[in-house]
**Student:** 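Structure provided below as structure tokens; questions to follow.
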Amino acid sequence: MSVLLTGGTGMVGHNIKEHQNASNYCVLSPSRKELDLTNRDQIRSYLKANTPEYIIHAAGLVGGIHANIANPSKFLLENLEIGCNLISEAARIGVKNIINLGSSCMYPKNGPNPLKEEYLLNGLLEPTNEGYAIAKIAAQRLCDYLRIEDNSRNYITLMPCNLYGKYDNYNPKRSHLIASIIVKLHEAKINKDKSVEIWGDGSVRREFMYAKDFADAVWFALPRIKEMPHIINIGRGEDYSIFDYYKKISDILGFEGTFTFDLRKPTGMKQKLLDVKKINDLGWYPMHDLELGIKKTYAHYLDCHR
Ligand SMILES: NC(=O)c1ccc[n+]([C@@H]2O[C@H](COP(=O)([O-])OP(=O)(O)OC[C@H]3O[C@@H](n4cnc5c(N)ncnc54)[C@H](OP(=O)(O)O)[C@@H]3O)[C@@H](O)[C@H]2O)c1
């Protein structure tokens with residue numbers, strides 16, 4: 001059975017490709033050069049030529065808080081194009097199975113935690129990533145509408161919490177929290193810096209999962225796609241404060257300095273913890289706790305930066 005995986009060069013896509021279950025399928029993973037998802041004609045020709053039975057849609061313009069604040073229009077437009085082009089062309093050509101990737105950013109900023117799937121579109125979005133979130137919500141709704149219009153279409157959206165791990169992006173302009181903490185603390189340790197600055201007061205809470213575990217959830221969902229809820233959270237069901245992450249990563253990396261807090265910097269939503277009851281009830285749980293995930297990620301970082 002053939003599976004088209006978009007975003008195969010990204011952190012999530014790489015982990016999906018590397019997972020042991022990928023070898024049970026013929027996974028097509030075109031690069032952006034081979035298939036630019038902002039180009040509808042290219043998508044149409046690619047799908048006609050390859051007729052995949054499944055699509056795992058893991059491509060998108062992704063970035064941390066700095067990048068989202070600096071370019072909200074780009075995050076909205078590119079993700080809207082990528083998601084809507086791919087999903088609508090897949091429906092047109094008759095692809096029956098799509099796993100679309102959402103994000104916890106799509107939930108309302110004041111939604112009660114843990115965030116349940118039904119809270120989507122029940123309130124205002126967090127302004128620091130609103131453009132990105134609107135585009136991701138549009139792709140999720142498009143999957144839903146197309147499924148309602150033709151119930152032979154199994155189009156579902158997995159809603160991951162924040163992810164980190166092997167193949168993470170360590171570019172300071174685009175990195176997410178865990179990757180940026182690893183770089184900051186690694187460099188501070190090498191330079192023998194006495195202290196490291198944290199954005200905000202460190203009290204904001206985030207849920208992070210090792211990307212290999214998320215890849216495992218994708219391969220868990222794929223053969224069960226007909227029975228899966230059309231939207232389902234994927235996370236660890238526990239979160240930590242930003243300061244907790246700094247302390248935990250300092251212990252693992254061996255940084256012995258102190259921390260200062262820049263209270264003028266933006267910090268985003270106060271908490272974004274997912275309710276993971278639905279996926280747990282189906283029998284899926286992640287395998288890596290924070291310590292194991294960070295140790296493996298740091299080992300990979302050292303391998304790539306020696
Ligand atoms: N990382 C997280 O914490 C997180 C959390 C929740 C949800 N997600 C979702 O997971 C998905 C992947 O995220 P990621 O962290 O793996 O991001 P990433 O590392 O930045 O990878 C993004 C992927 O999308 C591809 N891409 C971007 N624009 C494209 C285009 N126009 N045509 C074709 N491919 C394009 C990139 O190709 P190039 O290599 O050519 O740029 C890359 O392969 C996204 O949908 C994101 O919303 C991620």
Side-chain angles (χ1 to χ4, degrees), residues 4-19 27-43 46-47 55-65 67-68 71 74-87 89 98-107 115 126 129 131-140 143 157-171 173-181 206-215 217-218 231-236 239 245 268-269 272 274 286 293 297 300:
L4 167 62
L5 169 67
T6 68
T9 54
M11 177 181 72
V12 174
H14 244 125
N15 278 281
I16 293 173
K17 267 196 302 196
E18 237 180 46
H19 190 278
V27 179
L28 308 167
S29 172
S31 67
R32 187 200 295 237
K33 262 197 183 154
E34 294 163 295
L35 177 60
D36 180 351
L37 297 168
T38 60
N39 184 326
R40 193 176 269 275
D41 294 337
Q42 272 190 31
I43 298 177
Y46 189 92
L47 292 177
I55 295 178
I56 301 173
H57 178 36
L61 176 66
V62 177
I65 191 165
N68 269 278
N71 300 294
K74 189 171 159 71
F75 275 86
L76 186 142
L77 285 170
E78 274 193 35
N79 285 310
L80 205 52
E81 274 189 313
I82 289 173
C84 294
N85 286 348
L86 178 72
I87 295 161
E89 287 303 322
I98 298 181
I99 295 185
N100 173 51
L101 301 196
S103 161
S104 56
C105 302
M106 291 155 63
Y107 285 115
L115 296 157
E126 161 60 34
N129 52 39
Y132 172 77
I134 289 174
K136 304 286 288 180
I137 291 172
Q140 189 279 329
C143 283
T157 300
L158 304 188
M159 303 283 280
C161 64
N162 295 294
L163 304 171
Y164 71 97
K166 203 170 167 186
Y167 310 114
D168 216 334
N169 188 331
Y170 293 99
N171 174 337
K173 289 203 176 125
R174 289 196 53 199
S175 59
H176 289 259
L177 183 75
I178 299 273
S180 80
I181 299 179
R206 286 291 178 267
E207 178 182 11
F208 269 92
M209 186 166 71
Y210 191 53
K212 186 176 181 181
D213 283 343
F214 179 67
V218 170
I231 175 165
I232 187 160
N233 290 338
I234 311 288
R236 291 189 41 75
D239 61 1
Y245 285 111
M269 267 159 83
K272 273 201 297 185
L274 295 179
T297 305
H300 186 250

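Here the structure is a predicted model, which means the values were calculated and not measured. As a basis for the values below, the full set of heavy atoms in this structure was taken, side chains included, without hydrogen atoms, waters or symmetry mates. Numbering of ligands and ligand atoms starts at 1, following listing order.
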**Student:** Using a heavy-atom cut-off of under 4.0 Å, does the side chain or the backbone of Tyr164 touch ligand 1, or both, or neither?
**Tutor:**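 For Tyr164, there is no contact with ligand 1 at all, from either part.
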**Student:** Are Asn233 and Tyr107 linked by a side-chain donor-acceptor pair shorter than 3.5 Å?
**Tutor:**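 Side-chain D/A pair, Asn233 to Tyr107: present.
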**Student:** Is the closest heavy-atom distance from Ser31 to ligand 1 below 4.0 Å?
**Tutor:**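 No heavy atom of Ser31 comes that close to ligand 1.
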**Student:** Just so I know, are the side chains of Ile234 and Leu274 near enough to count as touching, which here means a heavy-atom distance under 4.5 Å?
**Tutor:**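 Not in contact.
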**Student:** Looking only at distances, please establish whether an N/O atom of ligand 1 is found under 3.5 Å from an N/O atom of Val62.
**Tutor:**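 No, Val62 has no N/O under 3.5 Å of an N/O on ligand 1.
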**Student:** Please report whether ligand 1 has a polar contact with Ile82, defined as an N or O pair separated by less than 3.5 Å (distance criterion only).
**Tutor:**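 No; the residue has no nitrogen or oxygen that sits under 3.5 Å from a nitrogen or oxygen of the ligand.
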**Student:** Under a 4.0 Å heavy-atom limit, does Lys136 contact ligand 1 with its side chain, its backbone, both, or neither?
**Tutor:**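 It is the side chain that gets close, since no backbone atom is under 4.0 Å.
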**Student:** Given Ser104, Gly10, Gly60, which one has a non-hydrogen atom that is nearest to atom 24 (O) of ligand 1?
**Tutor:**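 Considering heavy atoms of Ser104, Gly10, Gly60, the nearest to atom 24 (O) of ligand 1 sits in Gly60.
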**Student:** Check each atom of ligand 1 against the heavy atoms of Leu101 and keep those under 4.0 Å away; list them by number with element.
**Tutor:**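 Going through ligand 1 atom by atom, the ones under 4.0 Å from Leu101 are 10 (O).
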**Student:** Please compare Gly8, Gly102, Gly63 and report which has the shortest non-hydrogen distance to atom 8 (N) of ligand 1.
**Tutor:**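 Looking at heavy atoms only, Gly102 sits closest to atom 8 (N) of ligand 1.
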**Student:** Any nitrogen or oxygen of Asp36, side chain or backbone, less than 3.5 Å from one on ligand 1?
**Tutor:**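 It does: an N or O of Asp36 is found under 3.5 Å from an N or O of ligand 1.
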**Student:** Specify side chain, backbone, both or neither for Ala58, according to which of its non-hydrogen atoms lie closer than 4.0 Å to ligand 1.
**Tutor:**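 Only the backbone of Ala58 comes within reach of ligand 1.
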**Student:** In the protein, what heavy atom is nearest to atom 20 (O) of ligand 1, and what distance, to one decimal place, separates them?
**Tutor:**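 Going atom by atom, the protein heavy atom closest to atom 20 (O) of ligand 1 ends up being Arg174 NH2, 3.3 Å.
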**Student:** Looking only at distance, does Arg32 have an N or O less than 3.5 Å from an N or O of ligand 1?
**Tutor:**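 Arg32 vs ligand 1: N/O contact under 3.5 Å present.
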**Student:** Heavy atom under 4.0 Å from ligand 1: found in Thr6's side chain, backbone, both, or neither?
**Tutor:**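 Answer for Thr6: neither.
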**Student:** Does even one non-hydrogen atom of Tyr132 get within less than 4.0 Å of ligand 1?
**Tutor:**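 Judged by the 4.0 Å heavy-atom criterion, Tyr132 does count as contacting ligand 1.
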**Student:** Among protein heavy atoms, which lies nearest atom 33 (C) of ligand 1, and at what distance?
**Tutor:**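 Minimum-distance protein heavy atom for atom 33 (C) of ligand 1 reads Leu35 O, 3.4 Å.
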**Student:** Could you tell me whether Cys161 and ligand 1 have an N or O pair separated by under 3.5 Å?
**Tutor:**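 Between Cys161 and ligand 1 (N or O atoms, distance only) the closest approach is not under 3.5 Å.
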**Student:** Between CD of Glu207 and CG of Leu163, what distance do you get to the nearest 0.5 Å?
**Tutor:**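 Those atoms lie 9.5 Å apart.
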**Student:** Is there any N or O on Ser103 that sits under 3.5 Å from an N or O of ligand 1?
**Tutor:**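 Min N/O separation from ligand 1 is not below 3.5 Å for Ser103.
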**Student:** Using the ring pair (Phe, Tyr, Trp, His ring centres under 6.0 Å) criterion, which residues pair with His14? Sequence neighbours excluded.
**Tutor:**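 Residues passing ring pair (Phe, Tyr, Trp, His ring centres under 6.0 Å) with His14: Tyr167.
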**Student:** Below 4.0 angstrom, N of the basic side chain to O of the carboxylate: do Glu18 and Lys212 qualify?
**Tutor:**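 No, this pair does not count.
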**Student:** Judging by distance only, is a nitrogen or oxygen of Pro160 under 3.5 angstrom from one on ligand 1?
**Tutor:**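 No, since none of the N or O atoms of Pro160 sits under 3.5 Å from an N or O of ligand 1.
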**Student:** For the atom pair CG (Asn162) and CD1 (Ile178), what is the distance rounded to the nearest 0.5 Å?
**Tutor:**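 So the gap between those two atoms works out to 8.5 Å.
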**Student:** Any nitrogen or oxygen of Met11, side chain or backbone, less than 3.5 Å from one on ligand 1?
**Tutor:**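 Yes; at least one N/O pair falls below 3.5 Å.
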**Student:** Would you say the side-chain atoms of Asn100 pair up with the backbone N or O of His57, donor to acceptor, closer than 3.5 Å?
**Tutor:**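 Such a contact is absent between Asn100 side chain and His57 backbone.
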**Student:** Looking at Lys136 and Gly83, would you say the former's side chain and the latter's main chain have a donor-acceptor pair under 3.5 Å?
**Tutor:**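 Not confirmed, Lys136 side chain does not pair with Gly83 backbone.
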**Student:** If you measure every N or O of Thr9 against every N or O of ligand 1, does any of those distances drop under 3.5 Å?
**Tutor:**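 Such a contact does occur with ligand 1.
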**Student:** So, does Thr38 use its side chain to make a donor-acceptor pair with the main chain of Glu81 at under 3.5 Å?
**Tutor:**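 Looks like no, no N/O pair under 3.5 Å.
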**Student:** Counting only heavy atoms not in Lys17, do more than 12 fall under 6.0 Å of its NZ?
**Tutor:**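 Correct, the count exceeds 12.
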**Student:** Considering only protein heavy atoms, which is closest to atom 15 (O) of ligand 1, and at what distance to one decimal place?
**Tutor:**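 Scanning the protein heavy atoms, the shortest distance from atom 15 (O) of ligand 1 goes to Val12 CG2, 3.8 Å.
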**Student:** Which atoms form the tightest heavy-atom contact between Gly165 and Tyr210, and what is the distance?
**Tutor:**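 Nearest pair, atom of Gly165 first, then Tyr210: CA-CE1, 3.7 Å.
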**Student:** Verify, without hydrogens or angle tests, whether Asn169 (side chain) and Ser175 (backbone) share a donor-acceptor contact under 3.5 angstrom.
**Tutor:**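 Judged by distance alone, no pair lies under 3.5 Å.
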**Student:** For Leu37, counting its heavy atoms only, list the atoms of ligand 1 lying under 4.0 Å from any of them.
**Tutor:**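 Numbered from 1, ligand 1 contributes 30 (C), 31 (N), 32 (N), 33 (C).
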